[in-house]
Amino acid sequence: MSATASNILLYIIAPLALAIGAFLPDWAIFLGIVSLAKGLVVLGLMLLWRSGLVSFGQGLFYGAGAYMVGVLPQYVPISDAILLVVLAAIGTGLLAFLVGFLLRRYREIFFAMLCMAFSMIFYGVLVKSESLGSTDGFNVVQTTYLGYVPADPQEMQRILYILTALVAWAACLFVNRYLNSTMGSLSRAIRDNELRVEYLGFDPRHAVHFKFVVAGLLAGAGGALAAIAIGHVDPEMVWWIQSGEFVFVTILSGVGNVLAPLLGSVVFEILRTFAIQYAPNAWQFVVGGCLLAVIMFLPGGLWSLIERSREGEHGPDTSR
Amino acid sequence: MAPILRAENLNKTFGAVTAADDINVAIEPGEVIGVIGSNGAGKTTFVNMVTGYLTPSSGKLYFYDRDITGFDPKHATELGICRSFQIPQLFATATTFENLLIAMGVAETGAMPFWQPLAETDRVARCEEVLKRYQIFEYRDQYAQTLPQGVRKLLDIAMASVHDPKLLMLDEPTSGVTAAEKFSIMDIVVTALREQNVTILFVEHDMEIVAKYATRVLAFYDGRIIADEAPEEALRDKQVREFVIGETLHLDTTAEH
């Protein structure tokens, strides 16, 4: 996809589509918030994926962000949703920064499994912590928006949607800017040839560490937004199946554009919602079958449909 | 002026195998050093130690009198000790232009700050200039994995050259290319690097290339330097002819009868 087309999508079509989302029916608003919140996690995974890294433990940061939203108001007088999301993102970014010192040294399956190991350690801590509600979790306090307390729950959800859409768009702009920078362009370089990157005078571990922190920060923000929308946190948010779902959506989305994770996440949530509604005993078959179809027929993910439609034909697939 | 590179009693062992055995050499700025030797003689081990890929088992390495023993590739590159590879190390899924642009971006900014665009207009122009200087501009938009071997070699060297190196070590720059291409590749490379005032050290098996381009020859055998002379003398050296070139020496035994 040309840079111009990509810019039109990012700067005009995406904000328009997100704005239109605010006028969706009430039932779809919640779906929209959760989709975009999880899309943030997938956006972070996309960053890692482009460097040839897969994390099976992104639930660690998603859950940590969610729990921060639940725990922080109990100790400090904060109920503002924006502040909580920012603090959760900073907190998970710091967590990723610390964990990253170990993980940046590993690649391939070792990286993926170590990520999962950390998330399962956190899961173990949560289920053993009575004060954090153990396996049941606990409810999140009602949040405010710059001092405004919506009386109607539907209005609150709509405001939260706007906040989530703004965060998601800002995240896409940031990641896009990053990917066009020298360090961002090293993603593909690291995946292709780490030795060469070292002999260009740059330590690839630093780039991996930075990507990991950004991915953790985005996942934390996503977890915080999801927790506010759901109004409840529990250890399932950290469970490896949740992390697997994020990887699933990354494959479904493709990594060819920063908007792909949001698109893929929305499609996945719609697919799952309808699959559960119309095939409550077999929805996993439907979702699994769709993933199979994507891998077989769209190896570049759903985003490759958009690229093909815009370009007719394309060169070697460099997005995976 | 201090030598650009000085090795003192440099050794490298891998278990019972000695890959570098007491190497002592000083390289002056501006020299074009041809490193010759049979396979396993220690040539690449020497290059790997200088460029930080391997850590010497003992001995010292100095770059303009600065001790660089044990430096990693990143630090060696930052100092201005760059290299190319026997098997070109490229970013396979990037185009020729993108490969060079990434190399130039890292060289100029150290990849920071992370929001500064890679494809700045003047950098793109300079990158295209380098592609032209190395005569690979026609391959600008071709993916590295599809490039002919000679072009891959030139791109590999061009990527090393944009870091403004003081010393560039070329590991077999003409291996795997046709005989016709060898001299044109070396002409392009040596001309481009001379313009940058780069000291060149190249590992080579082709003695015609060594004779034409080197101003000095280091001959390796069994981990040691067995000759360190001007090309004409080195290529006439008895040990070099026997152990490096592989000639069977026909000794005149008639005098004994």
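Just so it is clear: chains get the letters A, B, ... in the order the sequence lines come, proteins before strands, and each one is counted from 1.
- Only the backbone of A:N180 comes within less than 4.5 Å of a heavy atom of chain B; no side-chain atom from C-beta onward does.
- Residues of residues 69-77 of chain B lying under 4.5 angstrom from chain A, judged on non-hydrogen atoms, are B:P73, B:K74, B:T77 by number.
- Here the shortest heavy-atom pairing between B:I102 and A:T182 reads O-CG2, 4.5 Å.
- Side chain of A:S181 to main chain of B:W115: no donor-acceptor pair is present (N/O by atom type, distance under 3.5 Å, no hydrogens or angles).
- Of the possible donor and acceptor atoms, one in the side chain of A:D192 sits under 3.5 Å from a partner among the backbone N and O of B:A92.
- Contact detail for A:R191 and B:T93: the closest heavy-atom pair is NH2-OG1, 3.1 Å.
- For residues 50-70 of chain B, the set of pairs meeting the ring-ring contact (aromatic ring centres under 6.0 Å, His included) definition, not counting sequence neighbours, is empty.
- For A:R205, the CZ atom counts as loosely surrounded, since its 6.0 Å shell holds 12 or fewer non-hydrogen atoms of other residues, nucleotides or ligands.
- Looking only at heavy-atom pairs under 4.5 Å with chain A, the residue among B:E120, B:Q116, B:M104 that has the most is B:Q116.
- A:R177 approaches B:P117 most closely through the heavy-atom pair NH2-CD, 3.8 Å.
- A cation-pi arrangement, defined by a distance under 6.0 Å to the six-membered ring centre and an angle within 45 degrees of its axis, is present between B:R83 and A:Y199.
- B:H163 places a side-chain N or O within donor-acceptor distance of the main-chain N or O of A:L200, the cut-off being under 3.5 Å.
- The distance from the OG atom of A:S187 to the CZ atom of B:F91 is 11.5 Å, given to the nearest 0.5 Å.
- Evaluation of the side-chain hydrogen bond (donor to acceptor under 3.5 Å, both in side chains) rule for A:S253 yields no partner, not counting sequence neighbours.
- Atom CG of residue A:N193 and atom CD of residue B:Q89 lie 4.5 Å apart, to the nearest 0.5 angstrom.
- Close approach to chain A, defined as a heavy atom under 4.5 Å from one of its heavy atoms, is seen in no residue of residues 124-140 of chain B.
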Verdict with reasoning, A:M183 to B:V106, per side-chain contact (heavy atoms from CB on, under 4.5 Å): CA-CA 8 Å; A:M183 198 206 270; B:V106 175; over 6 Å; no
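- Heavy atoms of B:T51 lying under 4.5 Å from chain A belong to its backbone as well as its side chain.
- Atom CD1 of B:I87 has 12 or fewer neighbouring heavy atoms from other residues, nucleotides or ligands inside a 6.0 Å radius.
- Proximity to chain A is absent for every atom of B:I81, based on heavy atoms less than 4.5 angstrom apart.
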